[in-house]
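To start, the structure itself, in structure tokens.
In what follows, every chain begins at residue 1, and chains take the letters A, B, ... in the order their sequences are listed.
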4 protein chains.
Amino acid sequence: MPNESSAPRRRGAVRTEALLQVTLDLAAEVGYAGLSIEAIARRAEVGKHTVYRRWPTKAALLLDALQRVWTRDLDYRPTGDLHADLREQFLRSVSALTSPPLDPVYRAVIAEAQSDPAARAALHERFLRTVEQSTLEQVTRAQRAGQLRADVDLTFAAEVLCGTLYYRHLLTPHPVDETAIDGLLDMFMAAYGAS
Amino acid sequence: MPNESSAPRRRGAVRTEALLQVTLDLAAEVGYAGLSIEAIARRAEVGKHTVYRRWPTKAALLLDALQRVWTRDLDYRPTGDLHADLREQFLRSVSALTSPPLDPVYRAVIAEAQSDPAARAALHERFLRTVEQSTLEQVTRAQRAGQLRADVDLTFAAEVLCGTLYYRHLLTPHPVDETAIDGLLDMFMAAYGAS
Amino acid sequence: MPNESSAPRRRGAVRTEALLQVTLDLAAEVGYAGLSIEAIARRAEVGKHTVYRRWPTKAALLLDALQRVWTRDLDYRPTGDLHADLREQFLRSVSALTSPPLDPVYRAVIAEAQSDPAARAALHERFLRTVEQSTLEQVTRAQRAGQLRADVDLTFAAEVLCGTLYYRHLLTPHPVDETAIDGLLDMFMAAYGAS
Amino acid sequence: MPNESSAPRRRGAVRTEALLQVTLDLAAEVGYAGLSIEAIARRAEVGKHTVYRRWPTKAALLLDALQRVWTRDLDYRPTGDLHADLREQFLRSVSALTSPPLDPVYRAVIAEAQSDPAARAALHERFLRTVEQSTLEQVTRAQRAGQLRADVDLTFAAEVLCGTLYYRHLLTPHPVDETAIDGLLDMFMAAYGAS
DNA sequence: TTTTAATCGAGACGGTACGTCGGGTCTTCTG
DNA sequence: CAGAAGACCCGACGTACCGTCTCGATTAAAA
């Protein structure tokens with residue numbers, strides 16, 4: 001009896017997915033400017049209320065849309081070489097963050113977050129902290145493996161690593177290229193590299 | 001001499017000043033949300049065109065308004081003790097950045113900058129780079145005084161120091177407090193401290 | 001036989017009643033503005049479909065609701081004195097038409113009827129014509145009793161009597177008071193009074 | 001000296017005219033249903049605010065639009081024969097009231113007036129009362145000419161004459177044809193005709 | 001001075017988006 | 001299988017800003 005209910009499939013789940021996809025499409029095509037709820041609803045051929053029913057705020061919608069593309073790139077496999085692994089992870093992140101679907105949405109979220117502390121908290125909780133966390137795990141592993149000094153708490157170091165890259169990407173006109181990443185890692189290793 | 005010059009009829013430059021001040025006042029009172037050009041002109045009892053004649057963009061206006069409060073806090077005097085000096089400078093910056101007149105304007109600029117690369121460049125050129133620069137000068141002086149290793153280019157290090165603080169302030173819910181600043185400086189000294 | 005229903009009790013009859021009552025309650029409380037099908041269904045804790053299943057149109061629902069209060073006031077008993085009887089009937093009608101439950105519903109029906117000829121026909125058939133009819137019966141009785149000229153068809157006269165009052169009530173800011181009613185009856189008697 | 005300033009021409013007077021015309025056009029084409037402010041603005045290629053700037057309410061706009069067509073038909077010239085003159089006037093009014101541009105607008109006004117006492121008052125003041133008034137003047141002239149009894153106040157009679165016709169037109173499915181008008185006038189003459 | 005040319009306040013204007021509401025239709029699930 | 005609950009598309013509501021534009025009135029510099 002192959003019952004079809006293994007996925008409960010709440011009523012509008014499909015539509016929710018569609019709306020998020022439309023948001024990404026729109027972002028890729030018209031960029032940050034075209035990301036109005038009105039435009040999204042229009043493009044999705046959906047009443048505005050159908051959007052508002054799902055997300056109380058544009059920021060909330062954008063965060064979910066972000067999630068949708070975000071999770072796809074988290075399948076990296078550490079090799080054990082800390083420097084190489086961090087380098088790889090950062091390059092991947094930056095590459096994703098720079099290309100069309102993600103970049104406009106991310107910037108839109110940043111913009112929204114400036115006027116809405118709640119959105120700011122959500123942004124950090126769901127994305128920035130995640131990146132910090134995965135970075136922290138990597139360096140902690142390296143620390144246990146003796147590659148880093150054992151007498152320091154690396155939590156803040158992880159924030160510095162990530163924060164520097166986000167700062168450069170979002171707030172400066174400079175690109176986050178290999179030079180920048182290497183410079184950052186050099187400083188990190190100089191500070192915390194074992195003996 | 002029936003000239004009723006009690007009303008001196010201020011000319012252009014004065015009015016420009018007045019508009020910037022109104023922008024700051026509005027920001028302090030109603031916050032980011034109230035910073036529309038419409039509201040600013042209304043509050044200043046000025047035609048909208050008078051605003052547009054001076055600044056092509058909201059971002060441009062906000063940047064100038066920012067400048068107005070910004071320059072007031074740059075009168076710090078280094079003592080020679082690197083750690084203490086940086087600490088002092090960062091605490092001052094953050095304190096200014098957190099209090100009413102500046103914070104809403106800064107966030108508004110950040111928001112505008114997301115959709116406008118030119119504004120992003122201007123933001124970096126006029127503010128972020130300035131802070132990086134003054135930081136760089138300080139650490140370079142210390143380097144020459146032998147407090148820091150002589151074999152490194154500190155340009156990027158200065159960016160890391162500033163970037164980390166901006167990242168935390170603008171994009172996370174965490175406060176930029178003394179703990180954070182000290183943590184950051186510790187990492188910096190561990191990496192680049194002499195011998 | 002524990003059947004408690006001497007009447008066949010069609011399933012939804014009670015609910016239909018309840019909906020009509022809710023409509024009247026809502027009209028009394030929030031007036032014409034609050035008379036949306038949405039609000040009625042909400043107030044009755046009923047799905048909108050349950051309303052649409054019963055009435056194809058808001059006008060239809062309102063007409064039925066109107067009926068509900070209307071029939072309660074038709075228990076007048078003519079005395080034989082034409083002038084007094086008409087006066088009494090008109091005063092009653094107007095009094096009912098002016099007070100909360102009925103007035104907003106009536107006006108809502110008028111409004112609906114403007115855009116919907118079918119509703120207009122129904123309004124006339126079920127209410128206006130009824131009033132004209134009962135007026136006609138009274139004057140015809142008086143005519144047969146010799147109180148009115150025998151050589152005229154009073155059908156149109158009845159329409160004039162009623163129409164004038166409705167006109168004043170619905171389309172002018174003037175109240176339909178005793179003065180108005182007496183003036184109208186005077187004119188009527190002057191035209192058709194016997195000899 | 002052909003000075004061009006005989007008309008001061010306030011800024012948007014032309015546009016106001018255009019909007020009223022568009023309202024009438026729309027009414028003629030799509031009828032009562034299409035008379036949303038949104039549709040009017042769209043059709044006139046005008047921002048919604050441009051409409052709201054001129055009229056606080058849909059009712060106000062419709063009343064002005066009504067005025068525009070209304071005044072064109074008031075150029076009748078009484079002949080002195082009361083019965084014929086009233087007949088002519090009523091026929092003209094009804095004819096105007098029945099044809100496309102006017103009928104949908106009038107009904108829309110009636111509908112709006114039901115929920116807005118102010119609109120109701122305005123409707124009466126600007127249109128209904130005008131008709132009553134011109135009717136009153138005609139019958140008063142006839143009264144002075146000895147065609148009508150001298151001992152009666154005809155104010156209310158004028159209301160009855162007009163009210164009956166409006167009642168029939170707006171609230172019943174019956175047409176206001178010559179039969180109806182003649183019946184009404186017969187009753188009137190029977191009541192107030194001289195000797 | 002007188003004229004000319006900016007500059008100003010005020011705000012109209014066509015747009016676009018906001019967030020809310022109601023109209024009708026169509027589903028889903030419960031009793 | 002009827003019914004409550006409400007999702008859904010649609011489109012109007014009235015408000016707010018955007019950036020451009022016109023309007024007179026008020027000044028400044030040029031004639």
**OP:** Return the set of residues passing side chain to side chain donor-acceptor pair (under 3.5 Å) with Asp64(C) (not counting sequence neighbours), or none when no residue passes.
**Re:** Trp55(C), Arg126(C)

Original post:
Quick one: is dC8(E) close enough that its OP1 or OP2 comes under 4.0 Å of any side-chain N or O from Arg54(B)?
Top reply: yes

Subject >> Bracket string, DNA chain E, 5' to 3' - pairs by Watson-Crick or G-U geometry under 3.5 Å, | interstrand >> reply: |...|||||||||||||||||||||||||||

Original post:
By side chain to side chain donor-acceptor pair (under 3.5 Å), which residues pair with Lys48(C), not counting sequence neighbours?
Top reply: Glu38(C)

Subject >> Residue whose closest nucleotide on DNA chain F lies nearer the 5' end, Val46(C) versus Ala39(D) >> reply: Val46(C)

**OP:** Quick one: list whatever passes side chain to side chain donor-acceptor pair (under 3.5 Å) with Glu45(B), sequence neighbours left out.
**Re:** none

Show me the donor-acceptor pairs, under 3.5 Å and distance only, between side chains in residues 101-111 of chain A and residues at least two apart or in other chains.
from      : atom 1 : to        : atom 2 : distance (Å)
Asp103(A) : OD1    : Arg107(A) : NE     : 3.4
Asp103(A) : OD1    : His169(A) : NE2    : 3.4
Arg107(A) : NH1    : Leu170(A) : O      : 3.4
Arg107(A) : NH1    : Gln114(B) : OE1    : 2.8
Arg107(A) : NH2    : His169(A) : O      : 3.2

Subject >> Contacts of type salt bridge (Lys or Arg N to Asp or Glu O under 4.0 Å), residue Arg42(A), not counting sequence neighbours >> reply: none

Contact list (N/O, under 3.5 angstrom) for nucleotides 14-16 of chain F vs protein:
from    : atom 1 : to       : atom 2 : distance (Å)
dG14(F) : OP2    : Tyr52(D) : OH     : 2.5
dG14(F) : O5'    : Tyr52(D) : OH     : 3.4
dG14(F) : N7     : Lys48(D) : NZ     : 2.9
dG14(F) : O6     : Lys48(D) : NZ     : 2.6

Original post:
Can you list the residues that meet the side chain to side chain donor-acceptor pair (under 3.5 Å) rule with Arg53(B), with sequence neighbours excluded?
Top reply: none

Original post:
Is there a donor-acceptor pair closer than 3.5 Å between any side-chain N or O of Thr57(C) and the backbone N or O of Ala60(C)?
Top reply: no

Original post:
Taking for each residue the nucleotide of DNA chain E bearing the nearest heavy atom, is the 5' side occupied by Thr50(D) or by Ala33(A)?
Top reply: Thr50(D)

**OP:** Give every residue pair that meets the salt bridge (charged side-chain N to carboxylate O under 4.0 Å, His left out) criterion with at least one member in residues 24-35 of chain D, sequence neighbours excluded.
**Re:** Glu29(D)-Arg43(D)

